[in-house]
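All values below were derived from every heavy atom in this structure, side-chain atoms included, with hydrogens, water molecules and symmetry-related copies excluded. Letters A, B, ... mirror the listed sequences (proteins, then strands); counts begin at 1.
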Protein chains: 2
Amino acid sequence: MATLQKSIDKRNALIKATIDLVNNNGFHATAMNKIAKMANVSPATIYLYFENKQDLVNQTYIEVKAKYSDYAFKNYTEKLSVEDGFKHIWKRIADFKLIECENAFFLAQCDNTPIIDEESRQEGIKHLQPLLDLWARGKKEGIIKPFSDYILYAYSINPLSFLMMAQKRETFKLNNEHMEEAFQAAWNSIKN
Amino acid sequence: MATLQKSIDKRNALIKATIDLVNNNGFHATAMNKIAKMANVSPATIYLYFENKQDLVNQTYIEVKAKYSDYAFKNYTEKLSVEDGFKHIWKRIADFKLIECENAFFLAQCDNTPIIDEESRQEGIKHLQPLLDLWARGKKEGIIKPFSDYILYAYSINPLSFLMMAQKRETFKLNNEHMEEAFQAAWNSIKN
DNA sequence: TTACACAAAATGAACGTTCATTCTTTTTTA
DNA sequence: TAAAAAAGAATGAACGTTCATTTTGTGTAA
């Protein structure tokens, strides 16, 4: 337990600190110094766990992205109808953005800036496959509009990021009614 | 012409260089040095036009945002029906994101990160009023769903940013057919 | 149980570099 | 010719990273 466990704790603390500081200051304004301080660790210790700053943020991204898709597809099964399946995944993603908003905000920032290696970005995309499969089935059954996946994503999933951002910036307060409206808008934009 | 004109040219060159470099490297990885070099100017000269780096990027943001909304509402008139008016504005915004994609990308990056002062951000929001007015009319006439403006924006306008981002990243190639699909999705998500 | 030795983990100080900004000088303009 | 504009070199601070050293944890011999 002792040694290894301690290590994992430190690594987690470092990743948590990275998310926090990058969320509030951006990647390049976040000093290794500050990350170390927030994680209660010496700056030098970071380099026992990560190659360098870029590696730290890449690994943080991949880890958060994995957490995101795990959350999104929890309890999902292909046995559901297209509409029910979509609603299930959509609600899970919405929940994630609300509940794990620090994580979600970090992902949004990575996805909209050049701070992440293209390689790590590709690594993070893989996880969405079940949703793409669902859409393929929906198109075949004539339930989903025959739009390209990018369009379907842009109009049914991605808007949640915008809402989360507004919420985080406190220019908008999401409530249950809003979420109901949002789901309707999402479904109307892609259903046939 | 002479003095003042020359100054405006330099200022424009600086702003253009800022957009270019921030788009490709992010704000904090963009050195004043490099901005000066790209604008064919001494680093010291920047400080004749801008207070400091933050001021440079704030002013760049406000200027690009103004260009964006000018473009969006060009030739728009309130005499149009709600549907036609919306289509008009939507197409203008879509055009902007396609044609002025460097500008659009810069805005997207500013809107998704903490690089811009909250004050400048607020300054940039004002310009959307005609669209909000149109939605208000649409809701009153029962043509637009009675959703909050944030939701309407998230599902009808903001998705264009996502598509532009994918396009810029060359993971997706937008064509006319896609734009038609995108408009349908946008309108379906907000129409009653 | 204690004392010791060794390796792994962790540290704080130090390094070289790069950055935003300023200072002094030169050039341009009117 | 005087003032405004611009330049390039200089500056101090801050950064990512490394180095020399100390601390911690673990197994072993007494």
| remark: Residues passing the side-chain hydrogen bond (donor to acceptor under 3.5 Å, both in side chains) test with B:Glu177, sequence neighbours excluded, are none
| note | Sorted by chain and residue number, the side chain to side chain contact (heavy atoms under 4.5 Å, CB included) partners of B:Lys140 (sequence neighbours excluded) come out as none
| request: Specify the separation, in whole Å, of atom CD1 of A:Ile8 and atom P of C:dA9. | output: 12 Å
| query | Are the charged groups of B:Glu180 and B:Lys91 less than 4.0 angstrom apart, N to O? | reply | yes
| Partners meeting ring pair (Phe, Tyr, Trp, His ring centres under 6.0 Å) with A:Tyr153 (sequence neighbours left out) | B:Phe162
| query | Under a cut-off of 3.5 Å for both distances of each Watson-Crick or G-U pair, what dot-bracket string does DNA chain C give, using [ ] for crossing pairs and | for inter-strand pairs? | reply | ||||||||||||||||||||||||||||||
What protein N or O atoms touch nucleotides 16-20 of chain D N or O atoms at under 3.5 angstrom, if any, and at what distances?
residue: D:dG16; atom: OP1; partner: A:Thr30; partner atom: O; Å: 3.2
residue: D:dG16; atom: OP1; partner: A:Lys53; partner atom: NZ; Å: 2.7
residue: D:dG16; atom: OP2; partner: A:Met32; partner atom: N; Å: 2.7
residue: D:dT17; atom: OP2; partner: A:Tyr47; partner atom: OH; Å: 2.6
residue: D:dT17; atom: OP2; partner: A:Lys53; partner atom: N; Å: 2.9
residue: D:dT17; atom: O5'; partner: A:Tyr47; partner atom: OH; Å: 3.2

| query | How many Å lie between CZ on B:Arg11 and C1' on D:dA6, as a whole number? | reply | 18 Å
| request: Give a yes/no on whether any side-chain N or O of B:Ser42 is located under 4.0 angstrom from OP1 or OP2 of D:dA6. | output: no
| query | For the pair made of CG in B:Asn40 and C1' in D:dA6, what is the distance, rounded to whole Å? | reply | 13 Å
| request: Can you tell me the distance, in whole Å, between the OH atom of B:Tyr49 and the C1' atom of D:dA5? | output: 7 Å
| Whole Å only: how far is the CG atom of A:Leu48 from the P atom of D:dT24? | 16 Å
| request: Supply the atom-to-atom distance A:Ile46 CD1 to A:Lys10 NZ, rounded to the nearest 0.5 angstrom. | output: 12.0 Å
| query | For D:dA5, does either OP1 or OP2 sit under 4.0 Å from a side-chain N or O belonging to B:Lys10? | reply | no
| note | ring pair (Phe, Tyr, Trp, His ring centres under 6.0 Å) filter on B:Phe27, not counting sequence neighbours, yields none
| field | Length of the CD1-P vector between A:Ile35 and D:dA14, whole Å | value | 17 Å
| remark: Taken in chain and number order and not counting sequence neighbours, the residues that satisfy side chain to side chain contact (heavy atoms under 4.5 Å, CB included) with A:Ser189 are A:Tyr155, B:Ala185, B:Ser189
| Tell me: NZ of B:Lys37 to P of C:dA20, nearest whole Å? | 13 Å
| said: The criterion is ring pair (Phe, Tyr, Trp, His ring centres under 6.0 Å); which residues satisfy it with B:Phe50, sequence neighbours excluded? | reply: none
| request: Using the test ring pair (Phe, Tyr, Trp, His ring centres under 6.0 Å), find all partners of A:Tyr47 that sit at least two apart in sequence or belong to another chain. | output: none
